[in-house]
Number of protein chains: 2
Amino acid sequence: MSSVGRPRAFDEGLVLDAAMLLFWRQGYEATSMAQLREATGLSSASLYGAFGSKEGLFTRAVEHYVSGPGSVTDVVADESLTPHQAVARLLHGSIDMQTDPTHPRGCLVALSGTLEAQDGHDTGVREVVAARRATDRTRIRAAVVRGVGWGELPEDIDTNAVTTMIHGFLLGISTQVRDGVAAQELHAAADALLRLWTPADSTAGSSTARS
Amino acid sequence: MSSVGRPRAFDEGLVLDAAMLLFWRQGYEATSMAQLREATGLSSASLYGAFGSKEGLFTRAVEHYVSGPGSVTDVVADESLTPHQAVARLLHGSIDMQTDPTHPRGCLVALSGTLEAQDGHDTGVREVVAARRATDRTRIRAAVVRGVGWGELPEDIDTNAVTTMIHGFLLGISTQVRDGVAAQELHAAADALLRLWTPADSTAGSSTARS
DNA sequence: GTAAATTCGGATCGATCAATCTAGAAGTTT
DNA sequence: AAACTTCTAGATTGATCGATCCGAATTTAC
């Protein structure tokens, strides 16, 4: 920020990477500043100077996640794809990401901030991830509406219901992955879910739509 | 336990009720013994004398939940129902329970123990709820297999995939409820999901199967 | 060269955590 | 009455929590 004074000696991206992995694996509350200090290699002074608070660091780590591994869900907003393809890639891409053994399993956004804070102290934590969940939901709904517009889905379909069904399954993936459900089973389940995208006519194959 | 000595002055059921509500609302880690003391009206000595530890109290509270509000999922194992009815009542009953405003929203079993404990200290917490999730999954799979046996589902269906799809949606309900999704939307989504139970023939109406 | 600005490691803050223990009063059985 | 257990109420344990402060180190601005 400032051009005067001693320059920062650490790479903010690497620090956010380390913090993201901890929050991803353990959640916000179970992750202590001592662990964050050890994982990032920074002192308390540096961490608080750069991020203000534990909550501030979490917020930045979530943003880092959303623009990193979490960006797999962005594909659902890609209007160059058919709506069916967009949703199929959303689900299959999320499953691939969440079962990738090179980082913690499941989705940071889906697993964090689902419990109530007692005193409005950690409400910011909940808001950050809930906002991203709301974004996913809005994008899924838009894809469903596009599906109706493209003629992939019947005109009289309940778009909110289909949206809730897809988003509900997406959110449930994380818990299943944490419980050890294999990627292959989840992919097959996603295909089964997508099969009702085209209830009568089958203009687009649902099992061949994966990348 | 003992027949001699001063008898217990508190009602264990009421104590477990209060503890269950706290864990349900806030989760295990965010709930402190001080809150549990205040909510139950018991002293530390009484709580530790009766339940051994915070983890022991949580375990008993989860059992209390499973045999109480959480028992709505037991219907999926009811073999006097048609398999389709069993799954339909599982989903719609869970939605009704989880959106009931007289207690915390969502499902205690679905929301707890989804994150990794750092040192094998709280692994018991995870195991208790994960075991119940595994039971739900097993029961859903049995209902799906019965559905094939009854001729409600095609012989060549992937029962694991359908199971994972249904259980995934069930688990995702909790997060959606916490995020404010209305019961009516979730019911409609469940109906949409159940629509693929009968892909071609429609011997059982999916939207009229609710209680 | 000097002063201002910023970051660093490390010590430390008060608060809170789960858990244990004490002491005496109260209740129940034998 | 004696033995036994649970009760209330609180003190206390050692550990850990998030957050702050301090002095030394480092860099830029003037």
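Heavy atoms only: backbone and side chains are in, while hydrogens, waters and symmetry mates are out. Each chain gets a letter, A, B and so on, in the order its sequence line appears, and its residues count up from 1.
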statement: Note: for B:S44 and B:A9 on DNA chain D, the residue whose nearest nucleotide lies more 5' is B:A9
task: Using whole Å, report how far CZ of B:F51 lies from C1' of D:dT6.
output: 14 Å
- request: Whole angstrom is fine here: how far is it from CD in A:E29 over to P in C:dT16?
  value: 15 Å
task: Report the distance from atom CG of B:L47 to atom P of C:dA18, rounded to the nearest whole Å.
output: 11 Å
field: Minimum-distance nucleotide to A:S53 side chain [options: D:dA19, D:dG10, C:dG9]
entry: D:dA19
- prompt: Are A:D100 and A:R105 close enough, and set up right, to give a salt bridge (Lys or Arg N to Asp or Glu O under 4.0 Å), and what steps lead you there?
  reply: CA-CA 7 Å; A:D100 186 338; A:R105 317 296 171 91; over 6 Å; no
Separation of atom CZ in A:R8 from atom P in D:dT26, rounded to whole Å: 18 Å
Per B:A45 side chain, nearest of listed nucleotides C:dA19, D:dA9, D:dG18: D:dA9
- prompt: Can a salt bridge be assigned to the pair A:R137 and B:E185 using a cut-off of 4.0 Å between side-chain N and carboxylate O?
  reply: yes
Shortest side-chain distance from B:A34, nucleotide among C:dC17, C:dT7, C:dT28: C:dC17
query: Given atom CD of B:E12 and atom C1' of D:dC7, what is their separation to the nearest angstrom?
result: 16 Å
message: When you measure only distances, ignoring hydrogens and angles, does the side chain of B:R6 come within 3.5 Å of the base of D:dT6 through a donor and an acceptor?
response: yes
- request: Name the closest nucleotide to the B:S43 side chain, picking from C:dC17, D:dT8, D:dC7.
  value: D:dT8
message: Do A:D17 and A:H64 pair up side chain to side chain, a donor and an acceptor below 3.5 Å, judged on atom types alone?
response: yes
query: C:dA19, D:dT5, C:dG10: which one has an atom nearest the side-chain heavy atoms of B:V4?
result: D:dT5
Rounded distance in Å - OH (B:Y48) to P (D:dA9): 19 Å
- prompt: Which comes earlier along DNA chain C counting from the 5' end, the contact point of A:L42 or that of A:R37, where each point is its nearest nucleotide?
  reply: A:L42
- prompt: With respect to the phosphate group of D:dT16, does any side-chain polar atom (N or O) of A:S32 fall under 4.0 Å of OP1 or OP2?
  reply: no
- prompt: Is a salt bridge present between B:R126 and B:E29, judged by a nitrogen-to-oxygen distance below 4.0 Å?
  reply: no
task: Using whole Å, report how far CD of A:E38 lies from C1' of C:dG9.
output: 16 Å
query: To the side chain of B:S46, which of C:dT30, C:dA11, D:dC7 is closest?
result: D:dC7
message: Nearest whole Å is fine: how far is D:dC7 P from B:D11 CG?
response: 12 Å
message: Are B:F169 and A:F169, when compared by the centres of their aromatic rings, separated by less than 6.0 Å?
response: no
query: Taking the nucleotide of DNA chain C with the closest heavy atom to each, which residue, B:M33 or A:F10, is nearer the 5' end?
result: A:F10
